[in-house]
Amino acid sequence: MPELPEVETIRRQLAPRLQGRRIQDAHSHESEKFTPARDAIGTTIQALSRKGKYLITSLDDGWELIIHLGMTGSLALAPEVTDDPYIRAWWQLNGDEVLVYRDVRRFGRIRCVSAGQYDTIPTLAAQGPDALSPDFTAEGFYQALRKSRRRIPTQLLSQRPVAGVGNIYGTEALWIAGIHPAKRQISRAAAAKLHTALVQVLEAGLADGGTTLRDYRNADGEQGSHQHALACYGRSGQPCLRCSVPLQHRTYDARTLTFCPQCQPR
DNA sequence: CGCAGCGCCTGAAGGC
DNA sequence: TGCCTTCAGGCGCTGC
């Protein structure tokens, strides 16, 4: 499930290979989630950037092709399109290469918008600073968390206090910072700890090329390796790596949260 | 406007 | 072996 490190890994691989390429043709699955892929036909790619988990392809006509990978999405450059039934969109580029978007569960989506006009993409429009940008500060994070009464993990997944965090890296950061997932309000000091932990786990994930639990592959089809470094996510029942007490898991707001009952007191 | 709840999707895994 | 149920979860939408 691509979060910031996975999306950034793909962006870094594709950016230099897409820059200056002309989109000669495009096709998509017959779902309005993906049909906007065709709106980019005839344009030339200027740059590939990222905001949170959204990939933003700047086109030469003042528009942007926005790509979200959802849970199972992937992007890759290939010599030609195959008969893989899970390909949801593809763009024929000059130079005989195809940018292929594959998404088994169709949780991803593609949009074409006038540059910066994100009012039709509410999560993108309302999301906070990217977690790996200088705009993500401890004090700003604390103030953003104070504005809501929802549980901290739910706030993280909303992308509003900070952009790019999903359940895996959020779970890891809460464990590092020693914050119980049921908490709704945390102190300035705890917010600062969580801020540091988030940056730490996201940078570690990025350095490992992302986390591959099942579906995730980078633009070259390779798996990440950060799944071997996870201390909390997916380890319910196993001993905490700090205190040896068995980790527990509970469902909060329809999300499974794993935590250490000793290190993350309520 | 904030937020709770639901729907979207499919493959894997577990129960019987 | 095979059928059925449950689970994974990011995000958009609806309605309170």
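Predicted model, so just to flag it, every value in this text is computed and none were measured. All chains are named by letter (A, B, ...) in the order of the sequence lines, taking the proteins before the strands, and each is independently numbered beginning at 1.
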Trainee: Which listed nucleotide (C/dC11, B/dC9, B/dT10) is nearest to the side chain of A/V104?
Mentor: B/dT10
Trainee: Using 30° and 60° as the class limits, which term best fits the ring planes of A/F259 and A/Y252: parallel, tilted or perpendicular?
Mentor: tilted
Trainee: Say you draw a straight line from CG of A/L257 to OG1 of A/T251; how long is it, rounded to the nearest 0.5 Å?
Mentor: 8.5 Å
Trainee: When you check the gap from the basic side-chain N to the acidic O, do A/R188 and A/E139 get nearer than 4.0 Å?
Mentor: yes
Trainee: Please report the distance, rounded to the nearest Å, between CZ in A/R106 and P in B/dC9.
Mentor: 5 Å
Trainee: I'd like to know if A/R17 and A/D220 make a salt bridge, using a cut-off of under 4.0 Å between side-chain N and carboxylate O.
Mentor: yes
Trainee: At their closest point, which heavy atom of A/A173 faces which heavy atom of A/A197, and how far apart are they?
Mentor: O-CB, 3.6 Å
Trainee: Would you kindly give the CD-to-C1' distance between A/E32 and C/dC13, to the nearest whole Å?
Mentor: 12 Å
Trainee: Do any of residues 212-236 of chain A sit with a heavy atom less than 4.0 Å from DNA chain C, and if so which?
Mentor: A/Y233
Trainee: On DNA chain B, check which nucleotide each of A/R184 and A/R88 is closest to and give me the residue with the more 5' one.
Mentor: A/R184
Trainee: Is it true that the side chains of A/T9 and A/N218 contain a donor and an acceptor less than 3.5 Å apart?
Mentor: no
Trainee: What is the separation between atom CG on A/D103 and atom P on B/dT10, rounded to the nearest whole Å?
Mentor: 10 Å
Trainee: For a quick check under 3.5 Å, do A/S28 and A/Y101 share a side-chain donor-acceptor pair by atom type?
Mentor: no
Trainee: Just how far, in rounded Å, is P of C/dG10 from CD of A/E6?
Mentor: 11 Å
Trainee: So which of residues 145-167 of chain A are in contact with DNA chain B, with a heavy-atom cut-off of under 4.0 Å?
Mentor: A/S148, A/R149, A/R150, A/R160
Trainee: Ring centroid separation for A/Y142 and A/H195, is it under 6.0 angstrom?
Mentor: no
Trainee: Could you state the atom-to-atom distance from CG of A/D253 to P of C/dC11 in whole Å?
Mentor: 16 Å
Trainee: Is the closest side-chain heavy-atom distance between A/L48 and A/Q19 below 4.5 Å?
Mentor: no
Trainee: So which of residues 64-71 of chain A are in contact with DNA chain C, with a heavy-atom cut-off of under 4.0 Å?
Mentor: A/H68, A/M71
Trainee: Can a side chain N or O of A/T72 be found less than 4.0 Å away from OP1 or OP2 on B/dT10?
Mentor: no
Trainee: Is there a donor-acceptor pair closer than 3.5 Å between any side-chain N or O of A/Q155 and the backbone N or O of A/R150?
Mentor: yes
Trainee: What about A/R255: does its side chain form a donor-acceptor pair under 3.5 Å with the base of C/dG10?
Mentor: yes
Trainee: Could you state the atom-to-atom distance from CZ of A/F34 to P of B/dC8 in whole Å?
Mentor: 14 Å
Trainee: Of A/R111 and A/I168, whose nearest nucleotide on DNA chain C comes first from the 5' end?
Mentor: A/I168
Trainee: Measure the distance from NE2 on A/H29 to C1' on B/dC8 and round it to the nearest whole Å.
Mentor: 12 Å
Trainee: In whole angstrom, give the distance that lies between atom OH of A/Y252 and atom P of B/dC3.
Mentor: 18 Å
Trainee: Going by distance alone, is a donor N or O of one side chain under 3.5 Å from an acceptor N or O of the other, for A/Y216 and A/E3?
Mentor: no
Trainee: With the threshold set at 4.0 Å, does a side-chain nitrogen-carboxylate oxygen contact exist between A/E30 and A/R38?
Mentor: yes
